Protein chains: 2
Amino acid sequence: MSASAAISGTSADPLLEPLLKGDRRALAQAITLIESTRSDHRMRADSLLAAVLPHTGRSVRLGITGVPGVGKSTLIERFGLSLLERGRSLAVLAIDPSSKRGGGSILGDKTRMEELSRRREAFIRPSPAGVTLGGVARRTRETMLLVEAAGFDTVIVETVGVGQSETAVSDMVDMFIVLLLPAGGDDLQGIKRGVIELADLIVVNKADGDLKATAKRSAADYQHALRMLRSPTAGWTPEVTTSSAQTGEGVTEIWSVVERFNGAVGEKGIQKRRAEQARAWMWNEVGETLLSELRKHPDVRRLVGGLEREVEAGRTTPAAAARTMLQAFHGR
Amino acid sequence: MSASAAISGTSADPLLEPLLKGDRRALAQAITLIESTRSDHRMRADSLLAAVLPHTGRSVRLGITGVPGVGKSTLIERFGLSLLERGRSLAVLAIDPSSKRGGGSILGDKTRMEELSRRREAFIRPSPAGVTLGGVARRTRETMLLVEAAGFDTVIVETVGVGQSETAVSDMVDMFIVLLLPAGGDDLQGIKRGVIELADLIVVNKADGDLKATAKRSAADYQHALRMLRSPTAGWTPEVTTSSAQTGEGVTEIWSVVERFNGAVGEKGIQKRRAEQARAWMWNEVGETLLSELRKHPDVRRLVGGLEREVEAGRTTPAAAARTMLQAFHGR
């Protein structure tokens with residue numbers, strides 16, 4: 001098949017068949033296509049996505065967040081291996097917009113999940129570097145569709161818990177898990193405001209050795225605190241457990257909670273959430289694209305700095321400044 | 001002065017001088033102007049706002065939320081009267097987008113703050129009916145500028161705590177106060193998810209009679225829960241108090257907390273927050289206006305329902321649907 005046929009979408013993309021058969025090379029190439037900023041690649045990626053769409057949606061989608069040092073990689077490795085033992089397969093996708101800064105993302109290192117990364121039933125993909133959160137999030141969401149089409153029945157989207165990315169992740173998964181350290185109540189361990197409220201499950205990790213008792217106490221504290229917050233998911237009351245990525249204690253139990261979650265929320269509940277997520281995603285895309293078109297307009301670019309300063313200093317009302325900017329954009 | 005001169009902004013609006021002198025009729029007329037949807041009124045409102053802007057920003061801006069039944073009106077009346085006794089003045093503005101439904105807003109009834117509404121140093125304005133949250137919020141924000149220009153040194157923006165409006169309110173005030181009922185931890189009393197996280201101060205109301213002990217226990221519970229959440233305001237640790245709007249116990253103490261809050265956050269901190277709020281407001285206006293222009297476009301209107309269904313059913317990716325919509329909008 002010619003490249004132009006693939007681009008025009010008149011015939012199937014050569015990656016489609018091997019991808020649907022679970023060919024890892026085809027999967028990796030398809031992801032590279034999605035991450036590319038070249039417009040011909042983008043067109044091909046779009047028609048590939050359209051073709052795989054009927055083969056997606058059959059995985060359990062989990063989001064896991066936790067600050068560096070909480071033991072996230074070790075826990076995901078242990079948890080992942082226990083899933084493989086159950087006969088499941090797992091794709092781990094990372095969202096880390098900070099990876100563009102200072103080079104060398106903590107998430108870019110495949111070796112941090114050494115055993116898992118060697119397994120055929122597992123697929124680990126670090127965050128694409130050098131793009132905005134919106135860009136990373138969109139690519140991760142589309143990558144999730146690709147790994148589902150390739151047959152992975154469990155997807156973990158992981159994030160570092162210190163930025164804006166947690167909301168983006170919770171907006172693309174079925175269940176959101178927050179990893180915390182023992183005894184962190186007072187300083188919140190760097191977890192960003194609002195993240196606790198997204199949690200369907202809080203796991204207090206490092207519940208081993210000297211920290212075990214503290215971890216249990218922290219779990220009880222968080223359980224208490226969660227009572228004050230409304231559950232992010234209809235039909236489900238958020239839970240708190242403890243785990244030790246080192247000893248493995250409590251790690252396999254996480255999957256029991258996931259199964260109970262799926263049972264409680266139900267197939268219909270999951271589908272409803274996914275439909276709402278997709279709809280919101282579409283409108284976000286529309287809104288963000290419009291704003292970025294506006295920001296790129298030469299007349300707006302000339303005005304924007306001054307208007308922001310005027311508004312910040314209280315010399316112009318936000319509404320008046322917005323109007324000025326929109327008039328410039330519309331060439332009036 | 002002719003009407004056209006007022007509209008063109010070449011000379012001062014006849015409402016400006018009496019407004020700045022604190023004339024209540026001029027203030028009411030100016031607010032009516034702001035709430036009007038007529039474009040000539042809107043132009044006049046804009047030039048009036050530009051003229052009053054240098055005279056704004058000198059009030060303490062408080063947001064208060066609480067579900068119906070929590071005793072919000074009685075508490076605001078008591079609290080307001082205690083402010084007047086201290087020589088302060090108070091404007092109470094309501095945001096209640098639900099007031100457009102089913103007529104007869106619970107906030108529309110001035111008589112619910114009977115004593116306060118009769119006082120010269122107080123000004124109570126119900127929510128404008130029949131508009132969207134975005135519309136109500138913008139008008140309330142602009143009304144806040146008008147009451148400040150009219151000399152009120154304290155503004156309370158109140159909301160019912162069951163909708164989207166709490167974020168809008170917290171985005172226009174210096175300090176956000178959440179009223180709760182005793183012993184409501186388990187069911188969250190209908191308070192919307194995320195609202196607790198906005199709180200600089202939680203007041204457990206109805207701490208009288210049989211409920212007093214329960215209220216104290218609830219306050220301790222909330223205090224405990226707040227430890228798990230990051231403070232919405234740099235330099236301030238959220239507090240929990242109890243009050244009785246009936247007996248007045250704990251009501252005047254709210255002002256002590258406000259004063260401590262202002263001291264802790266500092267003049268600079270308040271100015272910084274206001275600058276960020278104004279900037280975010282401008283961008284929200286821009287984004288919402290662009291989206292509403294898109295939604296009004298005839299080609300988009302033809303497409304939007306079908307695209308939403310396709311996306312919700314998982315037959316089209318959100319990105320592809322967004323692109324189709326944007327192409328229709330741009331006439332491509």
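In what follows, chains carry the letters A, B, and so on, assigned in the order in which the sequence lines appear, proteins first and then strands, with residues in each chain numbered from 1. Bear in mind the structure is a predicted one, so any value in this text is a computation, not a measurement. Side-chain atoms are counted along with the backbone in the values below, which use heavy atoms only and exclude waters and symmetry mates.
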| field | Student check: side-chain heavy atoms of A/W283 and B/V311 closer than 4.5 Å | value | no
| message | Please rank B/R295, B/E142, B/R141 by heavy-atom pairs under 4.5 Å with chain A and give me the top one. | response | B/R295
| Which bit of A/Q277 comes within less than 4.5 Å of chain B, counting heavy atoms only: side chain, backbone, both or neither? | neither
| task | Check whether any side-chain heavy atom of B/E293 lies under 4.5 Å from a side-chain heavy atom of A/H330, and answer yes or no. | result | yes
| Given that the side chain runs from C-beta out, which part of A/Q271 has a heavy atom under 4.5 Å from chain B: side chain, backbone, both or neither? | neither
| With only heavy atoms counted, which part of A/N284 is less than 4.5 Å from chain B, the side chain, the backbone, both or neither? | neither
| query | Given a strict heavy-atom distance threshold of 4.5 Å, which part of A/R274 is in contact with chain B: side chain, backbone, both, or neither? | reply | neither
| query | CZ of A/R279 to CD of B/E312: how many Å apart, nearest 0.5 Å? | reply | 5.5 Å
| said: Under a 4.5 Å cutoff for heavy-atom pairs, which residue among A/T56, A/D221, A/L145, A/T289 has the most contacts with chain B? | reply: A/D221
| note | Highest number of heavy-atom pairs under 4.5 Å with chain B among A/P318, A/A50, A/A278 belongs to A/P318
| message | For A/L291, which atoms come within 4.5 Å of any heavy atom of chain B: side chain, backbone, both, or neither? | response | both
| request: With sequence neighbours left out, write down each residue that passes salt bridge (charged side-chain N to carboxylate O under 4.0 Å, His left out) with B/E276, or none if nothing qualifies. | output: B/K272
| note | Heavy atoms of A/R323 and B/D46 approach each other most closely as NH2-OD2, 2.7 Å
| task | Using non-hydrogen atoms and a 4.5 Å limit, figure out which bit of B/L290 sits close to chain A: side chain, backbone, both or neither. | result | both
| field | Under 4.5 Å from any heavy atom of chain B - which part of A/A319 | value | both
| task | Please flag which part of A/R273 lies under 4.5 Å from any non-hydrogen atom of chain B: side chain, backbone, both or neither. | result | neither
| said: Quick check on B/R309 against chain A: is it the side chain, the backbone, both or neither that has a heavy atom closer than 4.5 Å? | reply: neither
| Got more than 12 heavy atoms from elsewhere within 6.0 Å of CZ, A/R301? | no
| note | So, the part of B/E288 with a heavy atom under 4.5 Å from chain A: the answer is neither
| task | Measure the shortest side-chain to side-chain distance between A/M282 and B/T316 over non-hydrogen atoms and say whether it is less than 4.5 angstrom. | result | no
| said: Please classify the contact of A/V52 with chain B as side chain, backbone, both or neither, using a heavy-atom distance under 4.5 Å. | reply: neither
